[in-house]
Amino acid sequence: MSTRVLFLLFFLIVIDIYSYQWLRQLISPLEPVWKSLLQVFFWSGSAITLVLTITYALNVDFISPHILIYLRAWAFISYFAKFISIPIVLIDDLRRMLGYLIKWLKPDYVYSTSRMEFLSKVGAFAAGVPFFTLLYGMARNAYRYQIHRIKIPIKNLPPALENLRIVQISDIHSGSFTSIDQVKKSISMVTDLQPDILFFTGDLVNYKADEIIPYIDIFQKMKGKYGSFSVFGNHDYGDYAQWANPSEKITNLNTLKKHHATIGWNLLLNQNETIEIHGEKISIIGVENFSASRRFTKYGNLSKAYEGLPLDSLKLLLSHDPSHWDFEVNKSYKDIALTCSGHTHGFQFGIEIPGFMKWSPSQYIYKEWAGLYSTNEKQHLYVNRGFGFLGYPGRVGILPEITLLELISA
């Protein structure tokens with residue numbers, strides 16, 4: 001076991017012991033049976049984390065993927081709640097340390113060294129709010145799909161393309177799904193929108209191509225009247241999986257390309273395709289994953305994808321990572337009217353109150369992280385909040401999205 005793993009385990013044990021202080025104070029008046037239940041509840045996350053960490057370090061795989069998703073989530077929620085409570089416990093410890101100091105300087109000073117019950121309750125509340133909120137997000141929101149209907153004003157839009165309906169989905173992450181029935185319901189929502197064009201903007205899987213196999217027949221039911229188009233996201237390349245050799249990774253990528261074709265999607269890998277609707281040309285441009293961040297490998301080549309486009313066509317771009325838009329698209333490709341992206345998931349956590357508030361931790365990483373963005377009233381970016389989920393199997397505030405983009409004259 002590596003030093004890094006051992007350090008992580010030590011750090012988690014420190015969090016456990018320290019955050020347990022407020023719980024011990026809080027449950028002391030309770031009946032033994034309730035004490036035992038709450039203690040088991042508290043330490044269950046620690047035990048699961050210990051097992052998961054050791055099995056990962058030893059590369060042992062004996063847990064069902066679906067069960068593993070929820071075990072990881074329970075461990076994450078448990079430690080997140082404990083971590084939130086630590087500042088409250090720390091305040092109490094600083095108070096007691098100050099009391100010890102005063103007592104040492106002034107022996108006749110009367111000071112109670114016991115932990116304050118009030119701060120223990122505050123600590124419990126601070127831990128309980130995120131704990132139960134995240135549990136609710138798992139139980140209620142993982143498959144609670146929302147349809148976002150967005151009007152996109154396009155300069156010089158041909159009358160024949162007025163109200164053209166583009167349905168976008170993104171970040172399916174099929175390896176995270178735990179309910180085929182819920183996915184089926186969402187696909188019926190897509191088909192009911194009767195899309196003229198269907199866009200999928202990347203991350204079909206988490207790690208490996210085979211994750212999508214149980215859902216291929218479901219996604220085949222989604223079709224655009226004039227075509228369905230897709231691109232790769234950062235997870236589709238297999239960069240986050242362990243491979244026996246480089247050829248195995250290449251085989252996986254080629255298999256995923258075949259899955260896109262089987263579903264019925266025209267996968268654009270730094271390519272474009274021009275279609276004609278009511279006598280008007282629409283150029284669909286698809287780039288491979290391109291991020292402004294150095295954390296992600298840059299596979300995309302917009303210059304290559306742009307080659308050979310008709311000058312008089314309406315140009316629409318599929319690019320998984322929204323940072324690409326600010327980095328290159330609206331600087332060097334002024335005639336691309338609309339870019340469709342995903343990637344951020346809206347962090348699967350935040351607050352959205354239309355017309356009043358829109359906040360997520362995602363905004364501290366991405367300038368454009370959810371919804372519609374425009375520049376010079378000529379170019380638009382739409383960032384889909386994601387169809388699936390990754391890591392945490394739920395959502396809080398930022399719900400899974402199906403987008404209906406309707407083109408209108410500006």
For K155, the side-chain contact (heavy atoms from CB on, under 4.5 Å) test, sequence neighbours excluded, returns E377, K378, A410
Sorted by chain and number, sequence neighbours left out, side chain to side chain donor-acceptor pair (under 3.5 Å) with S283 holds for T274, S313
Residues 232-253 vs salt bridge (charged side-chain N to carboxylate O under 4.0 Å, His left out), sequence neighbours excluded, gives D239-K249
Taken in chain and number order and not counting sequence neighbours, the residues that satisfy side-chain contact (heavy atoms from CB on, under 4.5 Å) with K35 are I27, L30
Note to self: Tell me whether K82 forms a cation-pi arrangement with Y20, defined as NZ or CZ under 6.0 Å from the six-membered ring centre and within 45 degrees of its axis.
What the structure shows: no
Take the angle between the ring planes of Y143 and F177 and call it parallel below 30°, perpendicular above 60°, tilted in between.
-> tilted
Across all chains, not counting sequence neighbours, the side-chain contact (heavy atoms from CB on, under 4.5 Å) partners of S230 are F200, H260, W265, L267
In short, side-chain hydrogen bond (donor to acceptor under 3.5 Å, both in side chains) pairs touching residues 189-212 with sequence neighbours left out are Q168-T201, S170-T201, H173-D203, H173-N206, S176-N206, D203-H320
Do K367 and W325 form a cation-pi contact, if we require the NZ or CZ to be under 6.0 Å from the six-membered ring centre and within 45 degrees of the ring's axis?
no
The salt bridge (Lys or Arg N to Asp or Glu O under 4.0 Å) partners of E406 (sequence neighbours excluded) come to K151, R165
ring-ring contact (aromatic ring centres under 6.0 Å, His included) filter on W243, not counting sequence neighbours, yields none
- Evaluate the criterion side chain to side chain donor-acceptor pair (under 3.5 Å) for residue pair Y299 and N270; output intermediate values, then yes/no. CA-CA 9 Å; Y299 294 97; N270 297 324; over 6 Å; no
Residue pairs passing the side-chain hydrogen bond (donor to acceptor under 3.5 Å, both in side chains) test with at least one member in residues 125-136, sequence neighbours excluded, are none
TODO: Describe, in one word, how the ring planes of F10 and F7 are oriented to each other, choosing from parallel (under 30°), tilted (30 to 60°) and perpendicular (over 60°).
DONE: tilted
Applying salt bridge (Lys or Arg N to Asp or Glu O under 4.0 Å) to E352 and not counting sequence neighbours gives R385
Applied to residues 125-135, the salt bridge (charged side-chain N to carboxylate O under 4.0 Å, His left out) test, sequence neighbours excluded, yields none
Can I get a per-line list of side-chain donor-acceptor pairs under 3.5 Å for residues 252-259, giving both atom names and the distance, sequence neighbours left out?
{"residue": "N252", "atom": "OD1", "partner": "A209", "partner atom": "N", "Å": "2.8"}
{"residue": "N254", "atom": "ND2", "partner": "I250", "partner atom": "O", "Å": "3.4"}
{"residue": "T255", "atom": "OG1", "partner": "T251", "partner atom": "O", "Å": "2.8"}

Working for side chain to side chain donor-acceptor pair (under 3.5 Å), residues E288 and Y237: CA-CA 10 Å; E288 298 194 54; Y237 296 92; 2.9 Å; yes
